[in-house]
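See structure below.
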Amino acid sequence: MNARRPTLLLALIALAALYTYWFLHDKHWLATQLVFTAPPLLLAIGLRLGWRRAPFWSGVLALFWFSHGVMSAWTHRETALLAWVEIVLALLVVALASRPGLRARFGKRKP
């Protein structure tokens, strides 16, 4: 496992924990856990098992998580703090998932 993966793994687990707490008393608890909590947990498991596409799919799904956080922060003032945490974690996931590609594209070239 290279240096970026433990951080990405922790960010995915933190996102899953955030969703578990956020939707703990929701009347559609099972649906929220399947839609929000399960994907980051499954990606964290896939990342830990060495699935090569897990960082890519983490970045793709983080765009959804970011959009959800922005919509929640804008419309539900009572959960705005949780939404802002979700936004920050989603941006962290995007940055960590994109890091190898950015490094390859803009890194120093060997002569």
Side-chain angles (χ1 to χ4, degrees):
M1 195 181 286
N2 58 20
R4 73 179 162 81
R5 293 203 178 198
T7 312
L8 181 57
L9 183 68
L10 289 175
L12 289 170
I13 292 170
L15 211 70
L18 173 73
Y19 290 137
T20 300
Y21 174 75
W22 192 342
F23 299 116
L24 190 62
H25 300 293
D26 195 87
K27 68 179 183 176
H28 302 291
W29 180 82
L30 181 61
T32 59
Q33 298 308 304
L34 290 173
V35 171
F36 288 101
T37 306
L41 277 181
L42 291 174
L43 287 167
I45 291 168
L47 190 67
R48 185 69 179 122
L49 294 175
W51 188 40
R52 293 179 351 156
R53 296 189 189 266
F56 169 76
W57 284 109
S58 298
V60 170
L61 287 178
L63 298 175
F64 164 75
W65 300 325
F66 174 80
S67 299
H68 177 265
V70 169
M71 289 186 300
S72 292
W74 186 258
T75 58
H76 302 290
R77 298 291 181 199
E78 65 278 3
T79 60
L81 179 63
L82 295 172
W84 277 103
V85 173
E86 178 184 21
I87 291 168
V88 169
L89 287 172
L91 289 174
L92 181 64
V93 169
V94 168
L96 292 170
S98 302
R99 193 171 175 191
L102 290 171
R103 194 174 273 168
R105 172 66 177 95
F106 298 110
K108 294 182 181 179
R109 303 204 189 273
K110 295 181 180 179

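Every value quoted in this text rests on a predicted model; they were computed, and no experiment measured them. Atom set for the values below is all heavy atoms of this structure, side chains included, hydrogens, waters and symmetry mates excluded.
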Are the side chains of [X] and [Y] in touch, meaning some heavy atoms are under 4.5 Å apart?
{"X": "Ser58", "Y": "Leu47", "result": "no"}
{"X": "Thr32", "Y": "Tyr19", "result": "no"}
{"X": "Leu91", "Y": "Ile87", "result": "yes"}
{"X": "Leu43", "Y": "Trp51", "result": "yes"}

Taking every non-hydrogen atom, the tightest pair across [X] and [Y]:
{"X": "Ala16", "Y": "Leu41", "value": "CB-CG, 3.6 Å"}
{"X": "Ala54", "Y": "Gly46", "value": "CB-C, 4.1 Å"}
{"X": "Met71", "Y": "Thr75", "value": "O-OG1, 2.7 Å"}
{"X": "Gly59", "Y": "Val93", "value": "N-CG1, 4.3 Å"}

For the hydrophobic clusters of this structure (ILVMFWY residues joined by side-chain heavy atoms under 4.5 Å, transitively), does one cluster hold both [X] and [Y]?
{"X": "Leu15", "Y": "Val35", "value": "yes"}
{"X": "Leu89", "Y": "Phe56", "value": "yes"}
{"X": "Phe64", "Y": "Val94", "value": "no"}
{"X": "Leu61", "Y": "Val70", "value": "no"}
{"X": "Leu92", "Y": "Leu12", "value": "yes"}

Q | Any donor-acceptor N/O pair, Ser72 side chain to Gly69 backbone, under 3.5 Å | A | no
**Q.** Point-to-point distance, once rounded to the nearest 0.5 Å, from CZ of Arg48 to CD1 of Ile13
**A.** 9.5 Å
Q.
Using the rule ring pair (Phe, Tyr, Trp, His ring centres under 6.0 Å), only one of Trp22, Trp65, Phe23 pairs with Phe36; which is it?
A. Phe23
